[in-house]
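One structure is given here, and the rest of the page talks about it.
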Amino acid sequence: KIPSTTMARWIMCSVAIVFGCSFLANASTLTCKKGAATSSDKNCGTTVVSEPGAANSMSTTEECTTENHQCLTAKYNGDWLAAYGCYHNDDIEGAKAFWVELCKADSSCNDNNDGGVPANGYTTCNTAECNECNSTGALRGSVLLVLVGAVLVLRTPL
C-alpha cells in the first residue's frame, strides 16, 4: 500500500509536469496585431497565423512563433499604422517590399509616403501584440476621455 502523503506528492508532481509542459508548448506562440490595411479602415484585430511568403512556400501559412516570426507594422503619414500580422523572419524584407509596391500604386498613399516607403518607418518585433495598429489615434481618444473624466470628478461637490 502506498502511503497517502507519497501518493499526494506523486499527484502534485504529475500535475505540475503536465501544466509545465503545457505552458512551455504555448510559450513560443506569437500573437500579432493585424488590421488598418487601408487608411480609411482602421479596424484592428490579432492573429497567430503567419502571412504567406517565400519561406512559407508563398501559399502556405503556419503558426507564428517567437523563434521564427516577427510582427510587422508600417507607419504611414497621416496617423495610419497598418498592422500586417506576422511573417517568417526570412520574409520580413520581402513583405516590406510588397507593401511598398502597393503603396506606390495608390496615388494618395504614394503622395504622402515618398516612393511608397512608410514615412514613419516600420515596427518589427516578436513579443505578444508588440506591433502598433492605429494606436496613435486611439491613444489620443483615451487620453481625452481620461482628462474629461478627471475634470468631471474634480467639479463634483462632495
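Source: prediction; values computed, not measured.
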Are side-chain heavy atoms of [X] and [Y] found at a separation under 4.5 Å?
X   : Y   : result
K96 : L72 : yes
S50 : H88 : no
W99 : Y76 : yes

If every non-hydrogen atom of [X] is compared with every non-hydrogen atom of [Y], which pair is closest and at what distance?
X    : Y    : answer
Y84  : Y87  : O-CE1, 3.5 Å
T124 : I92  : CG2-CG2, 4.0 Å
V100 : G115 : CG1-O, 3.5 Å
T123 : N131 : CG2-CA, 4.2 Å

Worksheet item: Between T31 and E129, do the side chains contain an N or O donor and an N or O acceptor separated by less than 3.5 Å?
Response: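 Per modelled atom types, T31 and E129 side chains form no pair under 3.5 Å.
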
Discussion item. What I want to check is whether the side chains of E63 and H69 have a donor and an acceptor closer together than 3.5 Å.
Written reply: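 Their side chains do not contain a donor-acceptor pair, so the 3.5 Å distance test is not met.
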
Worksheet item: Does the SG-to-SG distance between C32 and C64 fall under 2.5 Å?
Response: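 Not so, these two cysteines form no disulfide.
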
Practice prompt. Spell out, with a plain yes or no, whether C71 and C130 have SG atoms under 2.5 Å apart.
Written response: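 No, no disulfide: SG-SG not under 2.5 Å.
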
Within the distance-only criterion (no hydrogens, no angle test), does the side chain of [X] pair as donor or acceptor with the backbone N or O of [Y] below 3.5 angstrom?
X    : Y    : value
W80  : A36  : yes
N126 : T66  : yes
K42  : D79  : yes
N110 : G116 : yes
T73  : E132 : yes

Rounded to the nearest 0.5 Å, how far does [atom2] of [Y] lie from [atom1] of [X]?
X    : Y    : atom1 : atom2 : answer
L81  : S39  : CG    : OG    : 12.0 Å
N120 : N113 : CG    : CG    : 7.5 Å
K33  : C86  : NZ    : SG    : 14.5 Å

Worksheet entry | With N112 via side-chain contact (heavy atoms from CB on, under 4.5 Å) - residues at least two apart |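 Applying side-chain contact (heavy atoms from CB on, under 4.5 Å) to N112 gives N77, S108.
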
Fill in: Within residues 98-116 or reaching into it, pairs that qualify as salt bridge (charged side-chain N to carboxylate O under 4.0 Å, His left out) - sequence neighbours excluded
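The answer is E101-K104.
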
Discussion item. Would K75 and Y122 count as a cation-pi pair here, with the cationic atom under 6.0 angstrom from the ring centre and within 45° of the axis?
Written reply: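 No cation-pi geometry.
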
